[in-house]
Number of protein chains: 2
Amino acid sequence: MLSIENSKKRVTIHDVAAAAGVSISTASKALNNTGRVGIETRERVKRVSVEIGFRPNALARGLLSKRSFTIGLLTNDTYGRFTLPLMAGVAEALVDHGVSVFLCAIEDDPAMGQIHVEAMLDKQVDGIIATGKRIDRSLPVDLSNLPVPVVYAFTEGRADSVSFRSDDGQGAKLAVEWLSRIGRRRIVHLTGPEAFFSVRERAAAYSAATAHKEPVLYGVWSESWGHEAVARIWSAPGEKPDALFCGNDQIARGAVDALREHGIKVPEEVSVVGFDNWEIVAAQTRPPLTTVDMELKELGRQAGLTVLALAEGRPVEPGVRKLPCRLVVRQSCGGQPSEK
Amino acid sequence: MLSIENSKKRVTIHDVAAAAGVSISTASKALNNTGRVGIETRERVKRVSVEIGFRPNALARGLLSKRSFTIGLLTNDTYGRFTLPLMAGVAEALVDHGVSVFLCAIEDDPAMGQIHVEAMLDKQVDGIIATGKRIDRSLPVDLSNLPVPVVYAFTEGRADSVSFRSDDGQGAKLAVEWLSRIGRRRIVHLTGPEAFFSVRERAAAYSAATAHKEPVLYGVWSESWGHEAVARIWSAPGEKPDALFCGNDQIARGAVDALREHGIKVPEEVSVVGFDNWEIVAAQTRPPLTTVDMELKELGRQAGLTVLALAEGRPVEPGVRKLPCRLVVRQSCGGQPSEK
DNA sequence: CTGAAAGCGCTTACAG
DNA sequence: CTGAAAGCGCTTACAG
């Protein structure tokens, strides 16, 4: 039978004070480099503290400072496609500041969401980052009027707050420009449901960059739509595209597979660009996909730094900030692959 | 400019005591249903407390109770493939008990890992769940001799502790039995690197269940290995398999794609089973894959309940617990798909 | 330069 | 049945 012996008593500041032969107030000041403490005393206290393995209790500290050095990350992207990279960025940005993050995946049940938010507040989080899977939908929880700052990332935020999202227009432009630069002239845009804001934004940027020569094909976010679209295009009469700019990697993968099955060579005859840089899809496609990366980790990093600033009372300009996307070049376009 | 007005003072137990006209000790007892408090007083305190929106400060509580109602989830699966479902299970099991979870993705840098573990301990987590991406590798951090209980899930644990993992042998048996039941006789096992413990375990169960009629083909965890293996098998002389049991969904997908390209019908001529039930791969394969699900969410749930038990001092039998896998039937095998 | 005291928000014996 | 007091582990004015 296993059971935790609570014999391992944690060492407190009383222990270091006793061991160093000073009062606990002196010990505290010595350890925190505050107040006036003799240099020799300070050194001794510090030395003793590491010797006996003292680690300050963050709960006690938080009680005084009103800072828990903890933030909550709320998401309804239970699949983790967008949340994980974002979370990694948040954590990476905040670990140096000693803050940890509570991850909380809420289903689309508002009641459950409320419970989770309250649990976070009870634990005195210094702030909350709300994130989702769609920039034009908000989380099913009321985040207004909270006693802590809220920052939105990859989800619809309140008008008077700070939101971060990728610049989908710029990402689309990146894709089209790359295709043009390698000599493609008939670029078709194959994408998801028009109801998605990011779909419309990407489509608009695509149209602007190509001077509206081709129609945009809206569909769903699946490989089979990629297949179907290719079948439709290549069975229709008229000149065929020499490039496909797809709304996500799944569509792109479906398109590439379909092209191969039609005996059309990628990238020799047709170049294909995806969107998302979802490794499991993009890297396993034959050939591997050149695709647009939304830099979610960077998004997370900035969101993290921003809640921190707000929590510390530093002023932050409200509004939505679009972060640039990056083109990841693999082999589905031809041209010279650059390591970027 | 946005900045948080700390004007929104949190309401404390003093406020409810004052509003209810009692002392704070009475207020505390009333709210917690402890001690002797007049029924009428208790009701009034409770009513007042919700009226003014009182929520107890978990930090203050934790300081007294030595319980933070917080646990840490440590993982080196930064991609999130295994961690997210597991985490969902942990959170789901613990939310009713009021415990929140810190998610902490460590790279394979032991120093960073140590920092994260210490940050968790400083925050007085009640326990830690260690998880990874391979049951035969341990995390790059020293988790021995911690003042809190540690439970392992989907990662190599210490001998004297509790570990949870899926029963890969049973999972493989499930796959082979299903193939036999639908009439397949020549089942080939196409899998990952033999260096993986789970690969060997699955292979052993496969061999036992098929009476060693066919050799096991070891390779890597990629679609291209699935392709290559099919090409190799179908170009060799002799009788061909009528079923492929693959070590993961990627290999299975590669195999299915290759079979289609060879003009071999799935599932009519050859049945294929995968492993992992990784939606993005399994559901998008043509036809969608029948595959073995490791029930990671359930694994997480049990791991969560177990750290909790340990944290509360309840005894737990040490050792590794294997949880059963489940077969998810889609269309890659034929036979009658059952909704399970 | 050092320490005694008060206090963060709460709970828990202990008196009354 | 109710409340004053002590204390969880720490920090921070305030005296000395």
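Fair warning: this is a prediction, and the values are worked out from it, not measured in the lab. Labels below follow one simple rule: chain letters A, B, ... track the order of the sequence lines, proteins then strands, and each chain is numbered from 1.
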Provide the distance between the two P atoms, one in C:dG7 and one in D:dA4, to the nearest whole Å.
16 Å

Looking across every strand, which nucleic acid part, if any, lies under 4.0 Å from B:Lys66 by heavy atom: base, sugar-phosphate, or nothing?
sugar-phosphate

How do B:Ile24 and A:Leu64 order along DNA chain D: which one's closest nucleotide is nearer the 5' end?
B:Ile24

Answer with base, sugar-phosphate or nothing: what part of the nucleic acid does B:Ser65 contact at a heavy-atom distance below 4.0 Å?
nothing

Checking side-chain polar atoms at under 3.5 Å, does A:Gln114 have a donor or acceptor matched by the opposite partner on A:Glu118?
no

Residues which pass side chain to side chain donor-acceptor pair (under 3.5 Å) with B:Lys29, listed by chain and number, not counting sequence neighbours
none

Classify B:Ser25 by what it touches in the nucleic acid, base, sugar-phosphate, or nothing, heavy-atom distance under 4.0 Å.
base

Give a yes or no on whether the backbone of A:Ser68 and the side-chain of A:Asp126 come within a donor-acceptor separation of less than 3.5 Å.
yes

Using modelled atom types and a 3.5 Å cut-off, is there a donor and acceptor pairing between side-chain atoms of B:Ser28 and backbone atoms of B:Ile24?
no

Take A:Pro56 and B:Lys29, find for each the nucleotide of DNA chain D with the closest heavy atom, and name the residue whose nucleotide sits nearer the 5' end.
B:Lys29

Describe the nucleic acid contact of B:Thr41 in one word from base, sugar-phosphate, nothing, applying a heavy-atom distance below 4.0 Å.
sugar-phosphate

Would you tell me whether A:Ser100 and B:Lys123 have side-chain atoms, one donor and one acceptor, within less than 3.5 Å of each other?
yes

Under 4.0 angstrom, heavy atoms only, what part of the nucleic acid is B:Thr12 near: base, sugar-phosphate, or nothing?
sugar-phosphate

Return the minimal non-hydrogen interatomic distance between A:Arg42 and A:Asn33, and the atom names on each side.
NH1-CA, 2.9 Å

Could you check if a side-chain atom of A:Leu143 sits within less than 4.5 angstrom of a side-chain atom of A:Leu74, using non-hydrogen atoms only?
yes

Reading DNA chain C 5' to 3', which nucleotide is the first, and which the last, to come under 4.0 Å of any heavy atom in chain A?
C:dC1 to C:dG9

In DNA chain D, stems of three or more consecutive pairs, Watson-Crick or G-U, each with both distances under 3.5 Å, turn out to be C:1-3 with D:14-16, C:5-12 with D:5-12, C:14-16 with D:1-3

For B:Glu298, is there an ion pair with B:Arg301 - N to carboxylate O distance below 4.0 angstrom?
yes

From the list B:Ile129, B:Thr83, B:Leu86, side chain to side chain contact (heavy atoms under 4.5 Å, CB included) with B:Phe154 holds only for B:Leu86

